[in-house]
Amino acid sequence: ARMREHQRAVVRTLRRETTIAVFGDVVPAGPRGERRAGFEKGGVARIERDGRDDWSLVELSGAGGDSGDVRHALLGRLAREAARAGAERIYVACAERDGNVELLASNSFQPYTDETIYLRPPTPSDESLARLAALRPAEASDGLRLSLHHRAMTPPAVARMEAIEGGAWDRLVRGTWAPRSCVTPLLRLVEATTFIVDGSVDGRGPEIGGWIQIGVAREEGAEHPHALRISLAPGVNPGPIIAAGIGEIARRAKPAGTAANATLVVRRSYEGGLEAALADAGFTPSGELRLLVREVRGRVRAQGLLPAVG
């Protein structure tokens with residue numbers, strides 16, 4: 001309570017982004033009202049809104065004295081703003097250093113999976129890779145198949161934390177959405193296209209062997225990579241599919257003026273079988289992040305059965 005009495009906050013909301021700035025004396029002044037050196041503090045929390053229900057925390061910074069106090073105050077204010085806006089969940093990805101995970105856990109964030117980021121620089125022969133696998137563009141009828149594939153490939157605890165609604169898979173078909181990753185809120189893409197890997201591997205699993213989504217960067221520069229998302233069933237050979245995805249990106253990046261940009265892949269800890277294929281394709285690991293989520297309010301819109309009364 002004393003911390004909140006000695007801070008001010010500014011909240012700025014744009015179409016998809018909200019910035020919360022906290023500044024002032026987070027630690028109270030001295031007994032005679034003097035401001036003690038090292039306690040003048042400020043900080044910023046910036047979020048991206050994924051539709052109406054989910055927020056993604058993309059920046060959390062504090063300065064002056066112990067910045068942990070400022071970040072703690074920002075997380076509290078962020079939770080109150082999310083509740084006021086009707087958000088259900090706040091997601092964040094962070095490296096496991098500087099007490100990040102401990103700070104988030106103390107503010108009711110729960111870790112639920114880890115991700116590794118891979119990067120690959122372009123090569124002159126990339127366009128020729130597109131013919132190494134037959135990629136079928138996703139069609140409207142693939143939405144249910146994508147949902148079943150996700151359910152089969154995703155641990156129940158992770159699926160429960162992310163609570164993807166059925167209609168999202170139709171947006172994946174159209175290339176206007178992709179399942180969450182640590183880099184999703186930061187990518188700036190000029191186009192995204194989803195391709196289907198046809199055929200159940202063992203005859204018992206989902207009706208498709210997987211999918212990939214390619215995203216072409218909108219701007220030049222190392223900070224604007226292309227994106228390649230991969231989800232394959234066990235038993236599917238990922239090598240030709242990854243190569244074909246690289247080729248498709250190269251072919252589309254040339255007219256966009258971003259052919260010199262690197263390509264980024266994110267692999268989750270439970271997605272086995274991709275490490276060797278990514279290394280063979282020229283991808284190298286560049287970082288590991290932990291994904292956490294905080295429930296802001298209970299989910300009351302999910303359909304369910306109620307007992308008959310009377």
Exercise. Do L103 and L74 share a hydrophobic cluster (ILVMFWY, side-chain heavy atoms under 4.5 Å, transitive)?
Worked result: yes
Exercise. When you check the side-chain N and O atoms of R218 and N261, is any donor under 3.5 Å from an acceptor?
Worked result: no
Problem set entry | Interatomic distance, I164 atom CD1 to R171 atom CZ [nearest 0.5 angstrom] | 9.5 Å
Exercise. Do S181 and R268 have side-chain N/O donor and acceptor atoms under 3.5 Å apart?
Worked result: no
For this session: Report the distance from atom CG of L135 to atom CD of E248, rounding to the nearest 0.5 Å.
Result: 6.0 Å
Exercise. Does atom CD of E288 have more than 12 heavy-atom neighbours, drawn from other residues, nucleotides or ligands, at distances under 6.0 Å?
Worked result: no
Exercise. Would Y112 and V293 satisfy side-chain contact (heavy atoms from CB on, under 4.5 Å), going step by step from the backbone distance to the final call?
Worked result: CA-CA 8 Å; Y112 67 93; V293 62; 3.9 Å; yes
Problem set entry | Derivation and outcome, salt bridge (Lys or Arg N to Asp or Glu O under 4.0 Å), residues D126 and R120 | CA-CA 11 Å; D126 282 353; R120 178 189 185 275; 3.0 Å; yes
Exercise. Can you check salt bridge (Lys or Arg N to Asp or Glu O under 4.0 Å) on E48 and R188, steps first, answer last?
Worked result: CA-CA 13 Å; E48 291 266 348; R188 296 295 179 262; 3.2 Å; yes
Exercise. Taking all atoms of both residues into account, what is the closest heavy-atom pair of H72 and S106, and its distance?
Worked result: ND1-OG, 4.1 Å
For this session: Find out whether L78 and I90 are in side-chain contact, i.e. whether some heavy atom of one side chain is under 4.5 Å from a heavy atom of the other.
Result: yes
For this session: Write down the atom of S231, the atom of M153, and the distance for their closest heavy-atom approach.
Result: OG-CG, 4.5 Å
Exercise. How long is the span from the CD1 atom in I241 to the CH2 atom in W211, to the nearest 0.5 Å?
Worked result: 12.5 Å
For this session: Could you tell me whether the side chain of T184 reaches within less than 4.5 Å of the side chain of R229, counting heavy atoms only?
Result: yes
Problem set entry | Note, I230 side chain near E271 side chain (heavy atom, < 4.5 Å) | no
For this session: Taking the side chain as every heavy atom from C-beta outward, state whether Y270 and V158 have any pair of such atoms under 4.5 Å apart.
Result: yes
Exercise. Taking a hydrophobic cluster as the set of Ile, Leu, Val, Met, Phe, Trp and Tyr residues connected by side-chain heavy atoms closer than 4.5 Å, whether directly or through intermediates, do L289 and Y91 fall within one such cluster?
Worked result: no
For this session: Check the pair L148, R145 against side-chain contact (heavy atoms from CB on, under 4.5 Å), reporting the backbone distance first and the verdict last.
Result: CA-CA 5 Å; L148 293 173; R145 299 185 185 97; 5.7 Å; no
Exercise. Heavy atoms, side chains only, cut-off 4.5 Å: are L292 and R290 in contact?
Worked result: yes
For this session: Go through V296 and E88 one step at a time and tell me if the side-chain contact (heavy atoms from CB on, under 4.5 Å) criterion holds.
Result: CA-CA 5 Å; V296 179; E88 290 187 0; 5.8 Å; no
Problem set entry | Stepwise side chain to side chain donor-acceptor pair (under 3.5 Å) check, R71 with N100 | CA-CA 10 Å; R71 295 191 297 161; N100 289 331; 3.1 Å; yes
Problem set entry | Exercise: identify the closest heavy-atom pair between E139 and V173 | O-CG1, 3.1 Å
For this session: Kindly say whether I249 contributes a backbone atom to a donor-acceptor pair with the side chain of H226 at under 3.5 angstrom?
Result: no
Exercise. Once you round to the nearest 0.5 Å, how far does OG of S128 lie from CZ of R251?
Worked result: 13.0 Å
For this session: May I ask you to test the T194-D142 pair for a side-chain heavy-atom distance under 4.5 Å?
Result: no
Exercise. So, for G175 and Q213, which heavy atoms are closest and what is the spacing to 0.1 Å?
Worked result: CA-NE2, 4.0 Å
Problem set entry | ILVMFWY cluster, L228 and L187 together (side-chain gap under 4.5 Å) | no
Exercise. With a cut-off of under 6.0 Å to the ring centre and 45° to the axis, is R136 in cation-pi contact with F195?
Worked result: no
Exercise. What distance do Q110 atom CD and M161 atom CE have between them, rounded to the nearest 0.5 Å?
Worked result: 4.0 Å
Exercise. Does the salt bridge (Lys or Arg N to Asp or Glu O under 4.0 Å) test come out yes or no for K254 and E127, once each step is laid out?
Worked result: CA-CA 10 Å; K254 185 177 290 185; E127 279 193 71; 2.7 Å; yes
Exercise. Would D170 and W177 count as a side-chain contact (heavy atoms from CB on, under 4.5 Å) if you check the C-alpha gap in whole Å, the side-chain angles of each, and the deciding distance to 0.1 Å?
Worked result: CA-CA 9 Å; D170 295 326; W177 175 85; over 6 Å; no
Problem set entry | Residues S61, R46; criterion side chain to side chain donor-acceptor pair (under 3.5 Å); working and verdict | CA-CA 9 Å; S61 60; R46 185 165 60 87; over 6 Å; no
Problem set entry | Smallest separation among heavy atoms of C94 and V101, with atom names | SG-CG2, 4.0 Å
Problem set entry | For the student: nearest non-hydrogen atoms of G245 and I212, plus distance | CA-CD1, 3.9 Å
Exercise. Roughly how far, to the nearest 0.5 Å, is SG of C182 from CD1 of I117?
Worked result: 4.0 Å
Exercise. Given the rule that I, L, V, M, F, W and Y join up when any side-chain heavy atoms are under 4.5 Å apart, are Y118 and L189 in one cluster?
Worked result: no
For this session: Flag the pair R267 and E275 as a salt bridge only when some basic side-chain nitrogen lies within less than 4.0 angstrom of an acidic carboxylate oxygen.
Result: yes
For this session: Could you tell me whether the side chain of H150 reaches within less than 4.5 Å of the side chain of W169, counting heavy atoms only?
Result: yes
Exercise. Can you get from V266 to L172 by hopping between Ile, Leu, Val, Met, Phe, Trp and Tyr side chains that sit under 4.5 Å apart?
Worked result: no
